[in-house]
Amino acid sequence: MSAAPVTITITGAGGQIGYALLFRIASGAMLGPETPMRLNLLEIPQGLRAAEGAALELQDSAFPLLARVEVFDDAAAAFRGANHALLVGARARTAGMERGDLLGANAGIFGPQGAAINAEAADDIRVTVVGNPANTNALIAAAHAPDVPPERFSALTRLDHNRALGQLAPVLGTPVSDIRNLTIWGNHSATQFPDVAHATAGERRVPELLAERLGGAEAARTWLTEEFIPRGAKRGAEIIEGRGSSSVASAASATIDHVRDWGHGTSRGWTSAALVSDGSYGVPEGLISSFPVESVDGAWRVVQGLELDDFARQRIEASVAELIDEREAVRALGVL
Ligand code: NAX
């Protein structure tokens, strides 16, 4: 272990996902077993004690890769020299809160954090936004960081991707590790479109295998539209119903997968991530939307040239329309 430590800033580190994430990062699951790290935990005053408690536990875990852990309530100090920023802390919707209020409250978090990243982070900073509404929060942060190349901003749709894999595997009768080239398109919200049209399981095409397993192409289509897609869209609520709390460990695990693949490359087909659109697949330039992505030499690239049928186009358009609405609402607040 001779490399210089990598600095990782985690916002909302005193929250639930933060707690599930920190120990996996420190164990080396995200950047690999050879990369020492410094962890900067950023919280607001109400969350500081929890973050400090987590920092004590990190110390008590004696992770060999953990060179230092510090807790901050000042964004500029927390992002100083950061190579990775995991923006987890966000303002949750509370009873009676309108969408505009929610977007505005989060703009008040992600705008200043974007500006602090712009001013303080290392030149190779990579930003992963987890806090909801993740796509639009990433858009706001990127807009406040004009010196950071837009492709260094991403929002997490890997949890949606992993959920879709988890749903498909038992129906296909294959392990998740055999399934490749599934895509989550659009927004990390109920409008997201999980697309299996290009997916494979081993040597087989997923649509064909589904038809075989479910008793025909029509039955497979019905399963996709009436079970698979709605269940993915409502999975967060299903978890809340079971656990009494939103997804935490699976969200942390997906964050680890996302950042690991970004740095180390996608070796088993493509995955899904929300990136700044370059206009691919008709998604308006500049929106942060989920795409099929590969990571090559430490950079995400949208997989090009996939054929989309009318059903897929309509689903993607609906989710993109929601992203456009969110962008317009934020513009109306004067944040962009
Ligand atoms: P918690 O409420 O447990 O934790 C959030 C933490 O963020 C709190 O400790 C709070 O003090 C802190 N925080 C708030 N504003 C902050 C700021 N300006 N700077 C630094 N810290 C700040 O929520 P948790 O369950 O950890 O979820 C965190 C976020 O992830 C939420 O927005 C949630 O909706 C979102 N999720 C996103 C997912 C995704 O796939 N993109 C899935 C899981 C999760 O729903």
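Whatever order the structure lists them in is the order used to number ligands and atoms, beginning at 1. Since the model is a prediction, treat every value here as computed from it, not as a measurement.
Ranking the protein heavy atoms by distance from atom 4 (O) of ligand 1 puts G15 CA, 3.2 Å first. Regarding atom 41 (N) of ligand 1, its nearest protein heavy-atom neighbour is V130 O, 3.2 Å. Among all protein heavy atoms, the one lying closest to atom 36 (N) of ligand 1 is N132 ND2, 3.4 Å. With hydrogens left out, the protein atom closest to atom 30 (O) of ligand 1 is I17 CD1, 3.5 Å, a heavy atom. Looking only at protein heavy atoms, the nearest one to atom 14 (C) of ligand 1 is I44 CD1, 3.6 Å. Among all protein heavy atoms, the one lying closest to atom 29 (C) of ligand 1 is V88 O, 3.2 Å. Atom 11 (O) of ligand 1 has E43 OE1, 2.7 Å as its closest protein atom, hydrogens excluded (heavy atom only).
Looking only at atom types and distance, the side chain of T7 has no donor-acceptor partner in the side chain of R80 under 3.5 Å away. A donor and an acceptor atom, one from each side chain of E322 and N187, are located under 3.5 Å apart. The closest side-chain donor-acceptor pair between S245 and Q16 falls under 3.5 angstrom.
With respect to R313 and D310, no salt bridge is recorded, no charged nitrogen being found less than 4.0 Å from a carboxylate O. Between E70 and R68 there is a salt bridge, since a side-chain N of the basic residue sits under 4.0 Å from a carboxylate O of the acidic one. Remark: R205 engages E208 in a salt bridge, criterion side-chain N to carboxylate O under 4.0 Å. The pair R301-E294 does not count as a salt bridge, with every side-chain nitrogen at least 4.0 angstrom from each carboxylate oxygen. Using a 4.0 Å cut-off between charged side-chain N and carboxylate O, D160 and R235 make no salt bridge. Salt-bridge formation is not detected for the pair E43/R49: no Lys NZ or Arg NE/NH1/NH2 atom is positioned less than 4.0 Å from an Asp or Glu carboxylate oxygen.
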Candidate pair F228 and L168, rule side-chain contact (heavy atoms from CB on, under 4.5 Å), full reasoning: CA-CA 8 Å; F228 176 71; L168 270 178; 3.9 Å; yes
Would you please test R93 and D101 for salt bridge (charged side-chain N to carboxylate O under 4.0 Å, His left out) and show each step? CA-CA 9 Å; R93 191 189 284 257; D101 301 334; over 6 Å; no
Applying side chain to side chain donor-acceptor pair (under 3.5 Å) to R91 and T94, what does each step give before you reach the verdict? CA-CA 9 Å; R91 174 69 204 275; T94 41; 3.2 Å; yes
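Shown in contact with G14 at under 4.0 Å from a heavy atom are these atoms of ligand 1, numbered in order with element: 9 (O). Of all the atoms in ligand 1, the ones that sit under 4.0 Å from a non-hydrogen atom of Q16 are 1 (P), 3 (O), 4 (O), 25 (O), 26 (O). Of all the atoms in ligand 1, the ones that sit under 4.0 Å from a non-hydrogen atom of G89 are 7 (O), 13 (N), 22 (C). Each of the following atoms of ligand 1 lies closer than 4.0 Å to a heavy atom of G12: 6 (C), 7 (O), 12 (C), 20 (C), 21 (N).
Under a 4.0 angstrom heavy-atom cut-off, A92 registers as lying outside contact with ligand 1. Distances from ligand 1 to the non-hydrogen atoms of H188 include at least one value under 4.0 Å.
Heavy atoms of other residues, nucleotides or ligands lying less than 6.0 angstrom from CG of D123 number 12 at most.
Heavy atoms of L159 found under 4.0 angstrom from ligand 1 belong exclusively to the side chain. With a heavy-atom cut-off of 4.0 Å, Q113 touches ligand 1 through its side chain alone. At a heavy-atom distance under 4.0 Å, only side-chain atoms of I109, from C-beta outward, approach ligand 1.
By the 3.5 Å distance cut-off applied to N or O atoms, V248 is not counted among the residues near ligand 1. Checked by distance only, ligand 1 and D160 stay at 3.5 Å or farther apart across all their nitrogen or oxygen atoms.
Note that atom 23 (O) of ligand 1 has no protein non-hydrogen atoms nearby, at separations under 4.0 angstrom. For atom 2 (O) of ligand 1, no protein non-hydrogen atom is found at a distance below 4.0 Å.
When A252, G47, A251 are ranked by how near their heavy atoms come to atom 43 (C) of ligand 1, first place goes to A251.
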